[in-house]
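All remarks here apply to the structure that follows.
One-based numbering along the sequence shown. Please read all numbers here as calculations on a predicted model, not as lab measurements. Both backbone and side-chain heavy atoms feed into the values below; hydrogens, waters and symmetry mates do not. In each ligand, atom 1 is the first atom listed, and ligand 1 is the first ligand listed.
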Amino acid sequence: MMTQTFRTHTPEETHEVGEEIGRQLQSGDVVALIGDLGVGKTCLTQGIARGVGLDPDQVVNSPSYILINEYAGRTPIYHIDLYRLQRLEEIVDLGLEEYLEGDGICVIEWADRMEKLLPENYIQIRMAGEDEFTRTIEVRAVGSR
Ligand code: ADP
Ligand code: MG
């Protein structure tokens, strides 16, 4: 399975990596973000949203308290954050199927918490912090795409 690895040293560089990923996303894609708190998942999502064609003046916030934010890019973007949900049953209760199976692009923070609920094909992105500013971003396709 092909994995592409990036290393960034500033939030701006992480935005750029996200933007590059976002440009390649297609309608219906699911992006599963995995990595600790503060590693840069929301920062990467901001870049992804830009790459999907979101207006530069539209701010992508962490949806930690809302769970799902919707943005209008060239295709809708659903930004989902499972930080506050620990148990699989709580996630099942959200009824995310309509988002996952719809034509929008889903970007999910803490996606490892719903691994069993992810579709057959998705883009997995693992982020890790090496020091205060250095981040590794591993992108791989799970499934056939
Ligand atoms: P998460 O969503 O994973 O909890 P955030 O994107 O909200 O993380 O926050 C990442 C934090 O790390 C921000 O405070 C950001 O300024 C900082 N940071 C430092 N270096 C980087 C980097 N290379 N890429 C992304 N964020 C970085
Ligand atoms: Mg976040």
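For T14, every heavy-atom contact with ligand 1 shorter than 4.0 Å involves the side chain, none the backbone. Contacts between T45 and ligand 1 below 4.0 angstrom, taking non-hydrogen atoms only, are absent altogether. Here E132 has backbone heavy atoms under 4.0 Å from ligand 1, and that is the only part of it that gets that close. Within the 4.0 Å heavy-atom criterion, the part of T10 lying near ligand 1 is the backbone and not the side chain.
The shortest side-chain heavy-atom distance between I77 and E70 does not fall under the 4.5 Å cut-off.
Of all protein heavy atoms, the one lying nearest to atom 8 (O) of ligand 1 is G40 N, 3.1 Å. When hydrogens are left out, the protein atom nearest atom 7 (O) of ligand 1 is T42 CB, 3.7 Å; that is the closest non-hydrogen contact. Of the protein's non-hydrogen atoms, F133 O, 2.8 Å is the one closest to atom 23 (N) of ligand 1. Among all non-hydrogen protein atoms, the one lying nearest atom 17 (C) of ligand 1 is R135 NH2, 3.7 Å. At the shortest separation from atom 11 (C) of ligand 1 among protein heavy atoms lies G38 O, 3.5 Å. At the shortest separation from atom 15 (C) of ligand 1 among protein heavy atoms lies P11 CG, 3.9 Å.
Relative ring orientation between Y78 and Y99 is described as perpendicular, the plane-to-plane angle rising above 60° on a 0-90° scale split at 30° and 60°.
Counting only heavy atoms, the protein never gets under 4.0 Å from atom 13 (C) of ligand 1. Atom 3 (O) of ligand 1 is approached by the protein to below 4.0 angstrom, counting heavy atoms only.
Here the closest heavy-atom approach between residue L54 and residue A72 is recorded as CD1-O, 3.3 Å. Taking each heavy atom of T42 and V60 in turn, the nearest pair found is CG2-O, 4.4 Å. Contact between L82 and W110 at its shortest, heavy atoms only, is CD1-O, 3.7 Å. Residues Q26 and I105 come closest through the heavy atom pair O-CG1, 3.5 Å. Considering every non-hydrogen atom in both G104 and T75, the closest pair reads CA-OG1, 3.7 Å.
Annotation: L37 places no N or O atom under 3.5 Å from an N or O atom of ligand 1; distance criterion only. Backbone and side-chain nitrogen or oxygen atoms of E109 are examined, and one is located within less than 3.5 angstrom of a nitrogen or oxygen of ligand 1.
Among the atoms of Y83, no N, O or S atom is found under 2.8 Å from the Mg ion (ligand 2).
Counting the atoms of ligand 1 from 1 in the order shown, those under 4.0 Å from a heavy atom of C43 are 6 (O), 25 (C). When each atom of ligand 1 is checked for a heavy atom of D36 under 4.0 Å away, the hits are 3 (O).
Taking a cutoff of 4.0 Å between a charged side-chain nitrogen and a carboxylate oxygen, E130 and R7 qualify as a salt bridge.
Atom OE1 is the N/O/S atom of E109 found closest to the Mg ion (ligand 2).
Side chains of E20 and Q24: a donor on one and an acceptor on the other come within 3.5 Å.
Within 6.0 Å of CG in D112 there are more than 12 heavy atoms belonging to other residues, nucleotides or ligands.
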Exercise. Going through the distances and angles, do V92 and L88 end up as a side-chain contact (heavy atoms from CB on, under 4.5 Å)?
Worked result: CA-CA 6 Å; V92 169; L88 187 62; 4.3 Å; yes
